[in-house]
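These notes concern the structure reproduced below.
Side-chain atoms are counted along with the backbone in the values below, which use heavy atoms only and exclude waters and symmetry mates.
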Amino acid sequence: MYSELHARSAFSFLEGGSLPEALAGIASAQGLPGMALLDRNGFYGSPRFHMGAQKAGIRAHVGAEVTVVDAAGSGNYPLLCATQAGYQNLCRLLTRTKLRVPKHTESSAGIEELEEHAAGLICLTGDEHGPLARALASGGAGAGRQLLSRLISAFGRDNVYVELQRHFHRDQEARNQAAVELARELKLPILATNGVCYATAAEREIFDVFTCIKNKHQLATAGRLLCANGERHIRAPEQMARLFADLPEAIANTVELASRLEFSLEKLGYEFPRYPVPEGGSQNEFLRAQTMKGAVDRYRPVSERVRRQLEKELKLIEKLDLAGYFLIVWDMIRFCREQGILVQGRGSAANSAVCYSLGITAVDPIGMDLLFERFLSEERGEWPDIDLDLPSGDEREKAIQYLYQRYGERGAAMTANVCTYRGRLAAREVGKVFGFDVETLNRLSSLVGGWEWRGPDDTFDRYFTNAGLDLTRHRIAKYLDICVRLQDLPRHLSQHSGGMVICQGALDSVVPLEPATMPGRVVVQWDKDDCADLGIIKIDLLGLGMMAVLKDSIGLIRDHYREEVDLAHLPPDAEDIYEVIRGADTIGMFQIESRAQMASLPRNSPRKFYDLVTQVALIRPGPITGQMTSPYLRRRQGKEPVTYPHPSLEPVLERTLGVPLFQEQLLRMAMICANFTGGEAEELRRALGHKRSQQRMKEIEIKLRAGMTQNGIEAKAQDAIVQFISSFALYGFPESHSASFALLAYASAFLKVRYLAAFTAALLNNQPMGFYSPATIVKDAQRHGLKVKVIDVTCSEWNCSLEGEIPVLRLGLRYVRGLQQAAGEVLVAQRKLKPFTSTEDLARRVPELSRANLAMLARIGALNQISTQNQLHRRDALWQIEKAARQPGPLLASVIEDDATSPLYRMEVEERLIADYHGTGMTVGPHPMAYRRTSLRRLGICSAAELRQLPNGKPAVVAGCVITRQRPGTAKGLIFLTLEDETGNSNIIVMPDVYSRDPMSVLRERFVKVKGTVQNQDGVVHLKAEKILPLHVTAAETQSHDFH
Amino acid sequence: MLFGCIHVPDFPVQAALHMEMETESVSFKNNAIAVLDGPESLLKIFSCNEQARQAGIVIGMTKLQAEACPGVVLRRRMAELETAAQSDLLACAYGFSPRVESTAPGTVIFDLTGGERLLGSQPEIGKQLAASAEEFGFTANTALAANADAALHAARGFAGITVIADGLEALRLASLPVEVLEPAPEILDTLDSWGIRNFKSLAALPSVPLTQRLGQPGLHLQRLARGEVRRELVPAEPPPSFQESVELEESVELLEPLGFVINRLLHELISRLRERSLATDHLQLDLMLEIHCDHQLHSQNPQAPAADPAASPLPALHRRTLKLPVPTQDGKVLLKLLQLDLAGHPPPAPVKKVSVEVFPARVRTTQSGLFQPLAPEPAQLEITLARLRAAVGEKDDHDRDRVGFPTNTDSHRPDSFQVLARAEESTDAKRGRNRGGQQKEILECLPAPQLVLRRFRPPLAAYVECSPPAPAPSKSEIPAAVIFNGARAKVVHACGPWRSSGLWWDQSGRWQHDEWDVALSLNGVAGLYRIFRDAQSGQWFVEGMYD
C-alpha cells in the first residue's frame, strides 16, 4: 500500500497543473487510499481537495510547501499537519509571512519562525528545491547532516522524514543515495513520494506552459526551466512499489505516516464570535429583547400572528445557538444607522420576521407570507446567510472597516475570489509562451469573448481561424489545445466584492490571511464557496449603486422639497406609481429598467407589491430559459388557464399561477414530488446557485426522477418538473431576495415619480450604474418635464444639484470630461470665497485647472456667464482662455485687449452639439434628432411616439440614436437595439440573419434608420428590423451602452 | 520669383500602382484602391483613393474589415516602390528646373524663376508640368506661385493645375482648409474649437492676439495662410551609390584574372567610402554568367534567374555575399575574403559581367584597454575562418555551422550545442549555465567518483537485447547485451533509465531519450558505456564511453 504525501495542485498558482478535484479523482482511480495536498505557501486548494477526496472516497491530508530562508538560501519545506494544533501553527506561520510583504510578492519564513511554529507538524525533506537538496548542494553530506539535526531538534525525531523521489534523473538518484545514508546514520525514517505536480503524464504540457508564464519565458527559450521529463504525475501503489523495490520501507512508511495524520479540514475549529451582551444577561435574552423592541416599531402594533412567528423563530435561533450571529449583524446595522449609511438585508434573511424586526431587512415576511424555513431550518444544520446591501463607494468601505476595527486585523477578512483562465486570458498568455507576436495575440483576444450570447460557431477553433491561424500546423494546434485545457484553472487570487468572514478568537488559526491590493484589506485564502463548504460564516457587504441613489435622493428632497421620506414607510401600493410602472416608463428605476423588463411590464401589469416581486424574478436567465416567463405572462393576462404540473404542487405554485419563479418553489416541488429531505433540497439549492453545478445537477436529476416515479408521477409531468428545476441552474432568485429588490424598485419608482429632480440628480451623481447612459437619463427626465441646466462655473457644484423653488437640475462639474475632482472642488471652494470675474481670474485662482480643462469648460459653455461685463458666447470664452492659460512673452504682456470680445463667430447648432457630447457626454438642448425631424418626416420616417401608435403588422421606418445594444445569452442570437429620439425610445429587434447581412451598421453606427414591421402586442411595441441603414444626423459623439 | 509644385494625392496608393504594367486592369482613376501596412498578422489600411473612401474604406481599418467593402482592390505598402516613385517624381521635376526640393513623399517643389522665357507663360508651364507628371505615370496636382509654400499649399489643396499670380496668394488660397497647412495637432484642435476652418478665417485673425495665444507657430501658420512666407528651397541631393560594375569584353573562366577585375572595382568603392569617412561590413558580388544554351536569356533583369530553368539548368547570376564582424576600409582583406569564398563556391560558368556593391557602415573606432589581452585582428581572424570554412564546408547535417565557436545550449537534450559565428557566449548559454550550476554543485559535493564521458559524435547505432522487465523500475526493459561496431557485448551491470524529453510543441523537433549507464564486457575487456534509446524511432545508440 502507498499514500502519496507530497502533491501540488494548480492552486500553487503556476506551479501545479491540475485542479485539486482532478488529483483526488485520479488518486482514487489509481487505488491510492489517501493523498496530501501541499500547495505552495498556502491552503488555497485544500477545501476543494477535501471535498473532492470525500467524493472520491480517499483521505485528504492537509499541508503546505512553505518557502523558508535558511543559511543555504531559500528552500521549500513540505509540512504536513498531523494535528489541529499543527494546522493552526501552519496557518499562523503562513499569515505572518504573507502579511509582511505586499500582494503578489513571494513570501518566505525565517528558519527561526519555522521552528517556533513546528508543533503538530511533520516535516519532509523535500524535492530538488527542498532543504536537504540545497544543503547537500551547498556543503555536501556535512551540511545535510547539520540540517537534519536542526530539523530533528525543531520537529522531534519522529516528525522528520527523509523524502525520496524517483523521476529518472541521475543527479536525483545521487542525492537519494546521500539522503538514504544520512537517514540511516541519524536513524530517521525514509519516505517515498512522487512530488506530484499534475494528475496525469499528459498534463506535463500544462505544467511547462505554467512554468513559462511564471518565469516570463517562451517555450523555445525556457531551456532547463522546463521539466526534464513528465514523471511527476500520480502513480499507482504497485508502480511506486516497483520503483522503490530496493527500499521497501520507504513505501511502507507512507502508510504509517498517513495513519498518524489525524487532522482533516472537518475539524477546522472555526467558531463565530460571541456578541458582548450587558452583564447578567445571555445572548438569547438580549436578542429577544431587541427583537421585541424592534417589532413594536415595525409592526405598529404587534399582532398575535406576528408574536407567534417571532416566538417560533427565536426558539429555533436559541436551539441552534445562533443568537450571537444575529446580534452581530444587528450591531452592523446599528452602526450603519448611526453613521447615516443606508443599509438593507437581502437574500433569504428577508424570510425572517426576526431580521425584519431587528431592522436587518425591509420586507415584512409575515405580510408577504414568506417561508421562514428557507432561511433557517433545524434539519439543515447550517448557518444562515445574510447579505447586506450598502451604498457603493466610501460608505460601504466605512462599514467594512468597522468590522476590521471591531474584530481586529486577524479576526476579520474578506473572502477571496479565484480568478481562473478564461478564453481571452488563456489565448493571450499561452500565445506569448508559444512566441506569437503581440499583434496576432491582440487580434485573437479581440475575437475571443464578444457578446454574452455564444452561437454554435463561437468556439476557440473559430476564433483561431478568424485570427488567421492555420490549425493544421502542429504548433498552432498545440496552442489551441493548451488554451482549451487551461480553461478554469486558477490564475491568481483576488478579493471578493463583499464577502467578509469573522471569527471568535484568531481567524489566522483557521485559514491563512493575505494582504489585498487595496490598502487596509485582508483576504482569506479561500473563496466563498470554499468557506461555505467548510462551515465558515460570511456576511456579504455588497455595494449597490441604487442604495447610494436612494440615500442621496432623500438628502436632496430634505434640502429642496422640505419633505422627509422614510423608505421603510413609503405609501404602499400607490396607484400613480404602479401606473407609471405598468406603462414601462421605467428608465432609471432599479431592476425594472432593462429592455426585457420593459417589454414584460405591460403584460404583467403590476398593481401591488407582490406583482413587483414576481416582476423582478421574471426576467432572469433561469425563468427565461426554463420557458416560465411567457406562460406566466399569458396566465397573468388570462390568455391561458392556470394549470399545475401535478395536483400536489398547487399549494406551492398557486401564488405564481402554476409557474415556478422562485428558488423556494423549486425546493418545495422537489420535497413534495420526489420526497427530498430538507438536506437534499438544500443540496439542490446549492447546485442551482453554484458555478460548478453541471455534474451535481445531473446527479440530482437522477434522484428527482427516482423520487417522482416512487410517487407515481407520470413521465410527462416528470419532464416538466425536471425542466423547471434544471433550468434554474442558469440562475434564478429566491423569493425573499426578489422581495428585497422589489422594495428598492418600488422606492426608486416612487422617488422618480414624485421627486424627479432629486432622483435624477442622485442618479447622475452615482454613475456609472444601471442600464442607460447619463445622456439617456437626462433626456428621459426632460421628457418628463424636468428642466435641466447646463454646467456653469459660476453656479455648478462638483455633483449635479438642484436650484430654485420648483427644483431644476443643474449639471455638476463631474460631467466635464477630463476634469479631476480635486480641481473641481478647488474651483467651487474659490467661487464660494468670491465669485470669478473673468477667465483670467478663474485661471489665476484655480491653478489646478489645466489649459485643456479651461478649453473644455469654454467649449461646453460653462464659462459663458463668467464675465461681469456681458455674456460671452462659447468661442469668446475659448479665445480668452487661450490667453489666460498661456504666459505671453514680455513683449506681448503689455498689449491690452478688450476682455469681453473676440474676433470669432458663435458656434453653430451642430458645433454646439459636438462640443456638448464631446465634453459632457450629453446635451441639455434639443435632441439631435429634433433638428432633422422635418426632413425625416418627408422621408416617411416616424418618431418613437408615432411608432407606438401603429397597429401590429404594419410596415414602418424609424430612426434614432442607438442608446443600447444587447445580445443576451438567453435570446438565441437576437440583438436588441434601443433607438432614442426627441419623443422617446423605440425598441428594435434584429434577427441573426439581418445582423449578418450588415453587422457594421448594427454594431458601429451611432444613428440608424430601421425599416421593419411593427409588433404591437399587449401595449408592447417593437419594430422587427428588415433592414438597418446608417443615418447621418450629427457628428456628435453620442454613446451607446453596449452589453457584450 | 516663380516656384512650381507637383503633388501626388494619395501617394502610397499611386506608388503601389506605379510599377505595375499598363496592361494591368487596375488604375488609380477608375478603381477603388487601398494600401495596407503593418505586420502580416494585423494589416491595416494606410492610404486609399477617393473611390475607396466612397466604398466605405477608412484609414486604420483592418484587412478583414476592408475586405468586407465590395469592389476595393487591396495592395500591400512597399517602401521600395515609394522610394522609386519619389525618384521618378524628382526626375520629372528635374526636367523643368535644376533646383528641386523633395518636400515630402509625393510632393516636390522647384524653382522656375526665369523659366517663362524657355517654357512659355505660367498657364502653359502648368500644363506642361501636368503632362509630364502624367507621362511619369502620376495623377498629380500642379501649382505655380511666387513663393514656394503658396505653390505647395495650392497643389495640396486644389485639384488639377493652379496658377497664382504674384500678390494674389491670400485671395486664391482663402478657401483651403487649415489642415492643408499641416499644423501641430494641438494647434489644429484649438483652431477647430475657434471655428477657424480655412485659410481665409485664419488670415483674418488679428496677428498680435493670435501670437499671444498660439505663439510663433501660430503666427507662422497665419503668414502661410496669407501666402506671405518666402523661403529658400532645400535642393534634393541624389544619394551616393556604392555599386560598381564592369562588363567584360571576353568572358573570364579563371578565378585569378577575375580577382584583378574585382580588385579594381573594390579599389574604386573603397576610395568612395573613404571620401565619406565610411567603411563596410557587408559586401555583395554579382557575377553574370555566360550560359551556353540554344536560346538567349529571357529576362533582361540581371537580378532575376533564368526565366525557364528547364531550358537553362544553370542560373545566369552567381551571387556571393560577405558579412564581416567589424566594418573595414581594407580593400586587400575584402579581396582576400572574396577570393577564398569564390574558391569554395566557384562560378559554374564563365563570367561576362562583374558587379560589386558595398553597404556603407560607420568606421569602427578602436581603443583597446591597457590591460586587455591582445586579440587577433578581426579582419585577419575572418580570413582564417573563411579558409577553414573553405576547407571543411559550411554546415553539418543538423544545419549547424561547421566553423565557429561551439557553445552549450540551455536544454535537457543530451549533447545539445550550437555553433556561434562570434567568440562571445550566447545569452542562452549564460542562462543555462546559471540554471545548471546548482545541479553541478550537488554532484560535486557528493562523495561519488566523478566520471568523464567521451562522446561518440555522431552516436553509434546499436542493437540492444533486453531482459524481461521484472522487477524493472519502470516500463523500460533492462538491457542485457549491446551489439555495436560489429561486436556483441554482454551487459554486466546496468543503471537507469535516465529519462528526458522535450520540444513537445514542435512536431519535427520533439524527442525522448531513455539513457542507461552500462558496464559492458567486450571481448573480455570491461568498459563503462552510456547507451540510449530514442523513443520516437525505437533505435538504440551508444552515446559514449566513460573514461
What part of B/Ile196 lies closer than 4.5 angstrom to a heavy atom of chain A: side chain, backbone, both or neither? side chain
Salt bridge flag under 4.0 Å for residues A/Lys478 and B/Asp506: no
Roughly how far apart are A/Glu882 CD and B/Trp194 CH2, rounded to 0.5 Å? 5.0 Å
So, does B/His412 use its side chain to make a donor-acceptor pair with the main chain of A/Leu225 at under 3.5 Å? no
Checking A/His167 against B/Arg499 for the side chain to side chain contact (heavy atoms under 4.5 Å, CB included) test, could you report, in this order, the C-alpha distance in whole Å, the side-chain angles of both residues, the deciding distance, and whether it holds? CA-CA 8 Å; A/His167 301 130; B/Arg499 185 165 293 161; over 6 Å; no
Salt bridge flag under 4.0 Å for residues A/Arg859 and B/Asp189: yes
Hey, could you give me the NE2/CG distance between B/His513 and A/Asn229, rounded to the nearest 0.5 Å? 13.0 Å
Rounded to the nearest 0.5 Å, how far apart are CG of A/Leu878 and OG of B/Ser193? 4.5 Å
Under 4.5 Å heavy-atom distance to chain B, tell me which part of A/Phe434 shows up: side chain, backbone, both or neither. side chain
Does CZ belonging to A/Arg473 count more than 12 external heavy atoms closer than 6.0 Å? no
I'd like to verify something: which residue of B/Asp192, B/Leu205, B/Thr62, B/Leu503 has the highest number of heavy-atom pairs under 4.5 Å with chain A? B/Leu205
Among the options A/Arg475, A/His169, A/Arg906, pick out the one with the most heavy-atom pairs lying under 4.5 Å from chain B. A/His169
Most heavy-atom pairs under 4.5 Å with chain A, out of B/Ser501, B/Gly215, B/Pro206, B/Ser201, belong to B/Ser501
Interface moiety of A/Ile914 toward chain B, non-hydrogen atoms closer than 4.5 Å: neither
Most heavy-atom pairs under 4.5 Å with chain B, out of A/Glu231, A/Arg204, A/Arg166, belong to A/Arg204
Output the distance between atom OG1 (A/Thr221) and atom CG (B/Asp410), rounded to the nearest 0.5 Å. 9.0 Å
Identify which part of A/Glu205 has an atom lying under 4.5 Å from any heavy atom of chain B, answering side chain, backbone, both or neither. both
Considering non-hydrogen atoms only, spot the tightest contact between B/Trp504 and A/His474 and give its length. O-NE2, 3.4 Å
Between atom CH2 of A/Trp879 and atom CD of B/Gln212, what is the distance when rounded to the nearest 0.5 Å? 8.5 Å
Take atom CZ in B/Arg510; do more than 12 heavy atoms of anything else shown fall under 6.0 Å from it? yes
Is the shortest distance from a Lys or Arg side-chain nitrogen in A/Arg851 or B/Glu186 to a carboxylate oxygen in the other one below 4.0 Å? no
Under 4.5 Å, counting heavy-atom pairs only, tell me which of A/Pro903, A/Ala143, A/Ala241, A/Ala915 racks up the most with chain B. A/Pro903
Taking side chain as C-beta onward, heavy atoms only, is B/Gln65 less than 4.5 Å from A/Arg1004? yes
Non-hydrogen atoms of chain A under 4.5 Å away: do they reach the side chain of B/Ser411, the backbone, both or neither? backbone
Over 12 non-hydrogen atoms of neighbours within 6.0 angstrom of OH in B/Tyr546: yes
